Trainee: 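Dropping the structure in here first, questions after.
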Amino acid sequence: MDSPLSLASSRTSLLKVKALCKNFGAFEAIKNVSFSLFEGEKLAVIGPNGAGKSTCFNLIGGQLSPDQGHIHLGDMDLTGKPPPFIAKAGIGRSFQIAAAYASLTVEMAVQAAFLAIKGQAYHFIKPSHHYYREDTAALIEQVGLGALSQRLCAELAYGDVKRVELAMALAGNPRILLMDEPTAGMAVAERQSLMEHVVRLSQDRNIALLFTEHDMDVVFRHADRIIVLVRGQILVEGPPDRIAQDPEVRAVYLGEDPL
Amino acid sequence: MDFGFVLSQILTGLSSASSLFLIASGLTIIFGVTRIVNFAHGSLYMLGAYCAYTATESLMAILGSSLGFWVGILLTAVFVGLIGLFLEFFLLRWLYKSPELFQLLATFGVVLIVQDLVPFLWGGEDLLGPRAPGFKGAIEILGWSFPRYELFMILIGPCIWGGLWLLFHKTRWGILVRAATEDRETVATLGINQAWLFRSVLFLGAFLAGLAGALQLPKEPANSLMDINIIAEAFVVTVIGGMGSVTGAFLAALLIGLLQAFGILIFPKITLVFIFLVMAFVLMIRPNGLLGKYQTVETYSKQNEGPHDLTFITLPRIFITLGVCALLPLGLGDFEIFVLTEILVFALFAFSLNFLMGFGGMISFGHAAYFGLGAYAAALMTHHFQAGLPLALFASPILPLIAAALFGWFCTRMSGVYLAMLTLAFAQILWSIAFQWVALTGGDNGLIGIWPPKILSDRLLFYYFALSLIGFVFILLYKITLSPFGLLLRAARDSSKRLSADGVHVGHLRWAAFLIAGASAGLAGGLYSFAKGSIDPHILSIPLSVDGLSMVLMGGIQTLLGPLMGSAALTFLKTTVMSLTENWRFFMGSAIVFLVLVFPRGLVGSLIHVFALRKAARSEKTERSS
């Protein structure tokens with residue numbers, strides 16, 4: 001395996017994943033996966049369907065707990081911790097199938113995210129719309145949904161639901177943004193615009209970005225570094241230009257889904 | 001213990017396991033394919049017993065006792081299968097896409113209808129059927145006599161299981177059924193005629209229920225309590241086995257049958273409690289049952305997008321509503337004021353249920369548990385400790401709060417159908433305790449003489465007392481709904497995965513909602529016992545839980561004012577219809593079916609929908625003109 005440190009050895013690693021394993025019955029979804037995410041970095045995980053990308057993200061996000069291995073954020077051990085703990089530790093995330101709150105307005109959904117991450121779930125009397133009004137309005141503006149803040153999430157186009165999810169993930173001002181296929185199910189033009197939004201926001205806030213993506217244009221334009229996952233294992237990792245040249249990657253992955 | 005005795009208990013257990021399996025297999029097959037929990041399955045079973053009585057009686061006269069009996073049993077099963085088809089065609093197929101709650105309620109409506117239909121067709125008496133020809137009398141096993149028919153029943157279970165296994169593994173139809181159970185969407189895209197598949201599954205399920213009922217006839221007379229008695233056990237077996245798994249149902253039936261046979265020796269009074277405890281235990285270890293694969297998948301759907309009146313309801317408007325409630329009883333007689341008090345009390349009960357279900361997204365099919373516990377807390381305080389009304393009413397939310405803390409801890413780990421079944425199970429446990437612990441609760445007779453102090457003995461004064469207390473709690477629930485807690489509760493209902501990733505422990509949040517709903521329902525129960533002066537186990541039973549659900553449904557789920565309207569409508573209907581006719585169950589059941597099919601938004605929900613449509617039309621107009 002190539003050394004991953006050539007590019008980033010001078011920077012401090014934020015997230016450290018060590019020898020992660022996860023089985024579903026006899027099926028080994030993730031086999032001995034190790035990597036680091038550095039501060040402010042944009043790291044893409046790519047691979048064919050069923051390679052274990054979503055499983056890997058769900059292990060980091062706490063939706064699944066690993067059979068073996070460790071996950072550290074700085075000095076903090078996140079291995080097997082539940083999602084709320086991981087959210088509060090500073091990892092915000094979006095899901096492959098965007099999940100927003102169908103019956104809430106965009107504004108309420110983002111407010112809910114603020115209340116959730118700040119641990120104010122058990123406030124019972126004061127109406128919720130008095131909380132985080134300015135923060136909510138600013139964040140909705142930043143993800144480009146200013147005109148839609150009073151609409152119900154159920155009425156939104158899918159791309160806008162993804163933006164709501166982005167806003168919710170950003171409400172906690174995370175150090176890492178975990179995005180499982182941020183542009184899946186969107187029109188081509190919209191994909192690049194959403195991704196540029198994501199990249200700009202994360203750069204402004206010095207958030208490290210870990211994402212999976214099927215759209216290779218998006219990956220090669222935005223990623224600083226790429227991990228190729230095949231059958232639950234890391235095949236190779238490195239900067240985009242080297243990944244694009246790698247004969248093994250071309251055979252296993254890109255051959256199946258040519259550029 | 002004598003070995004012969006143990007063996008005879010084992011055989012008894014195996015025999016009842018066979019009956020349970022026949023019932024539960026039909027239930028689980030229907031659920032697996034259509035995803036409908038058929039509450040009316042017990043009614044099909046009961047119809048099987050009654051039809052078998054009629055069929056065997058007439059056929060044994062024509063064909064001779066031996067042939068006539070067995071042909072009669074078989075024809076009965078086919079006939080009940082056809083009733084299943086009828087049910088599919090006129091009711092279930094309209095419900096396949098409805099929320100689970102509506103499916104459960106509609107099929108419960110069928111239960112009520114059948115409960116009045118059976119005495120209408122067969123009379124109110126229990127009907128003793130013929131003995132099975134060839135299986136009369138008993139044989140002796142190690143000194144213990146054992147009925148031959150029970151031995152026959154022991155064989156029936158494995159035979160049917162084997163037959164179903166062959167059907168599901170060796171025929172194209174059976175393989176399709178299994179495929180549909182695993183992945184309905186994919187089967188639908190394969191160009192399979194789904195309507196045909198669903199109908200045939202309903203036929204098979206109802207056939208099995210009819211067969212079970214018919215085969216029960218030589219063991220027990222056909223009676224009008226068969227449906228409710230069997231359905232709770234059938235649910236337990238299905239849930240323990242894993243919804244949709246026939247083999248799971250077989251294993252669970254064996255487990256429950258044997259536990260029952262021995263449980264009755266060790267804890268004769270609490271067999272029902274025992275069974276439900278086993279279920280709670282299995283679900284804790286395996287949340288999908290022994291062999292179940294079905295999980296409630298949260299999808300981004302519009303199903304949650306119910307009507308809301310949250311923006312319409314304001315504090316001044318609540319006070320106006322309370323003011324109107326204060327004017328209503330003026331000039332009315334004692335009975336009418338009592339009915340109004342009842343409406344208020346049940347409105348609070350329905351509010352608390354709607355808080356849990358409409359806003360929290362947790363289906364409770366046993367909410368009567370908290371109402372009843374509150375009523376019993378107040379009544380026991382009055383009856384055994386001679387406590388006054390303030391102390392008794394103070395106790396009424398405390399006991400349900402403790403129960404909600406305990407039950408909620410289990411329940412918040414479940415969702416959808418499993419949650420509904422578990423809440424039902426807990427309510428049934430409490431019901432059987434209240435029913436059987438005669439020394440404390442007075443058993444079936446209940447407790448009487450729970451009257452308020454002199455100051456409140458006037459009906460009108462008690463009405464105002466109840467109104468102010470209930471109004472206060474309602475405003476509190478309203479505040480909580482709009483608070484951060486309420487907002488996050490609604491968020492958890494829409495997507496618990498998202499909220500969890502946003503930093504909230506959803507289980508804790510739902511647990512807290514359980515506590516709030518339980519305590520409020522308990523207070524309603526406490527007030528009810530003082531309004532009525534007496535209580536009995538009925539207030540912990542399934543019908544009262546269903547009343548609560550019907551009120552929420554009538555008023556409009558996910559609305560704040562709906563429960564009040566629903567309570568008024570249902571209580572009014574019950575008071576008027578019940579005094580006019582004996583067949584109130586028939587009308588009540590028909591009303592529920594009608595509501596679910598035609599009027600699923602409910603009273604308040606429909607109003608809001610009309611307002612919203614108008615508003616949308618108006619804004620479209622202004623957009624166009626500008």
Side-chain angles (χ1 to χ4, degrees), chain A residues 57-58 61-63 82-95 97-105 108-132 150 152-156 158 161 164-165 168-169 171-172 174 178 185, chain B residues 293 297-308 310-311 313-315 355 358-361 475-513 515-516 557-559 612 616 619:
Chain A
F57 275 37
N58 286 339
Q63 282 75 27
F85 183 92
I86 286 166
K88 285 185 174 147
I91 300 183
R93 73 162 296 175
S94 69
F95 292 95
I97 297 168
Y101 307 127
S103 71
L104 304 186
T105 62
M108 287 156 94
V110 176
Q111 245 162 355
F114 273 111
L115 290 163
I117 198 76
K118 306 283 186 194
Q120 288 168 321
Y122 298 96
H123 288 211
F124 289 101
I125 296 300
K126 195 170 140 191
S128 60
H129 59 82
H130 290 312
Y131 291 79
Y132 302 106
Q150 295 310 316
L152 291 181
C153 292
E155 296 169 353
L156 297 182
Y158 191 61
V161 176
V164 176
E165 245 208 327
M168 290 195 284
L178 210 59
Chain B
K293 285 182 188 148
V297 187
E298 267 183 293
T299 45
Y300 183 74
S301 73
K302 297 203 167 189
Q303 205 180 66
N304 292 325
E305 187 202 341
H308 304 269
L310 290 181
T311 45
I313 304 281
T314 55
L315 217 46
F355 182 77
F359 300 117
I475 290 172
L476 216 58
L477 286 179
Y478 162 78
K479 282 278 186 192
I480 293 174
T481 307
L482 295 184
S483 75
F485 178 82
L487 182 70
L488 294 181
L489 194 63
R490 281 179 284 153
R493 174 195 65 201
D494 290 356
S495 173
S496 65
K497 186 170 81 170
R498 181 66 246 171
L499 188 64
S500 176
D502 282 345
V504 173
H505 197 302
V506 173
H508 294 171
L509 197 75
R510 290 186 168 157
W511 198 18
L515 296 181
I516 294 169
I557 193 165
Q558 295 185 27
T559 63
S619 66

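These numbers were taken from a predicted model, which means no experiment stands behind them. Residue numbering restarts at 1 for every chain, and letters A, B, ... go by the order of the sequence lines.
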Trainee: Would you say B/Arg510's side chain and B/Ala492's backbone share a donor-acceptor pair under 3.5 angstrom?
Mentor: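 Looks like yes, one N/O pair under 3.5 Å.
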Trainee: Tell me if a side-chain donor or acceptor on B/Thr481 pairs with a main-chain N or O of B/Gly486 at a distance below 3.5 Å.
Mentor: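 It does not hold such a pair.
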Trainee: If I measure from the heavy atoms of chain A, does B/Leu488 come under 4.5 Å with its side chain, its backbone, both, or neither?
Mentor: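 Only the side chain of B/Leu488 comes within 4.5 Å of chain A.
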Trainee: What part of A/Tyr131 gets closer than 4.5 Å to chain B, counting heavy atoms only: side chain, backbone, both or neither?
Mentor: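 When you check distances to chain B, only side chain atoms of A/Tyr131 fall under 4.5 Å.
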Trainee: Tell me, side chain or backbone of A/Lys88 under 4.5 Å from chain B's heavy atoms, or both, or neither?
Mentor: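 The side chain, not the backbone.
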Trainee: When heavy-atom pairs shorter than 4.5 Å are enumerated against chain B, which of A/Pro174, A/Ala121, A/Gly61 gives the highest number?
Mentor: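 The answer is A/Ala121.
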Trainee: Is it true that a side-chain atom of B/Lys479 and a backbone atom of A/Ile125 form a donor plus acceptor pair closer than 3.5 Å?
Mentor: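 Side chain of B/Lys479 to backbone of A/Ile125: no pair is present.
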Trainee: Once you round to the nearest 0.5 Å, how far does CD of A/Gln120 lie from CZ of A/Phe114?
Mentor: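 Answer for the CD-CZ pair, A/Gln120 versus A/Phe114, is 11.0 Å.
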Trainee: Kindly assign one of parallel, tilted or perpendicular to the pair A/Tyr122 and A/Phe124, based on the angle between their ring planes and the thresholds 30° and 60°.
Mentor: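 Judged by the thresholds at 30° and 60°, the geometry between A/Tyr122 and A/Phe124 is tilted.
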Trainee: Under a 4.5 Å heavy-atom cut-off, does chain A meet the side chain of B/Ala491, its backbone, both or neither?
Mentor: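 The answer is both parts of B/Ala491.
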Trainee: Using non-hydrogen atoms only, which part of A/Ala109 is less than 4.5 Å away from chain B: side chain, backbone, both, or neither?
Mentor: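 No part of A/Ala109 comes within 4.5 Å of chain B.
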Trainee: Where does A/Ile117 contact chain B at under 4.5 Å (heavy atoms): side chain, backbone, both or neither?
Mentor: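 Both backbone and side chain.
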Trainee: Looking only at heavy atoms and a cut-off of under 4.5 Å, which of A/Ala116, A/Ala87, A/Gly172 has the most pairs with chain B?
Mentor: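 Heavy-atom pairs under 4.5 Å are most numerous for A/Ala116.
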Trainee: Mind checking whether A/Glu165 and A/Phe95 have side chains closer than 4.5 Å, heavy atoms only?
Mentor: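 Result yes, sub-4.5 Å side-chain heavy-atom pair found.
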Trainee: Checking side-chain contact (heavy atoms from CB on, under 4.5 Å) between B/Leu499 and each of B/Leu489, B/Leu509, B/Asp494, which is the one that passes?
Mentor: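 Single pass found, and it is B/Leu509.
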Trainee: For chain B, which of A/Ala171, A/Pro82, A/Ser94, A/Pro127 has the most heavy-atom pairs under 4.5 Å?
Mentor: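 Ranked by contacts with chain B, first place is A/Pro127.
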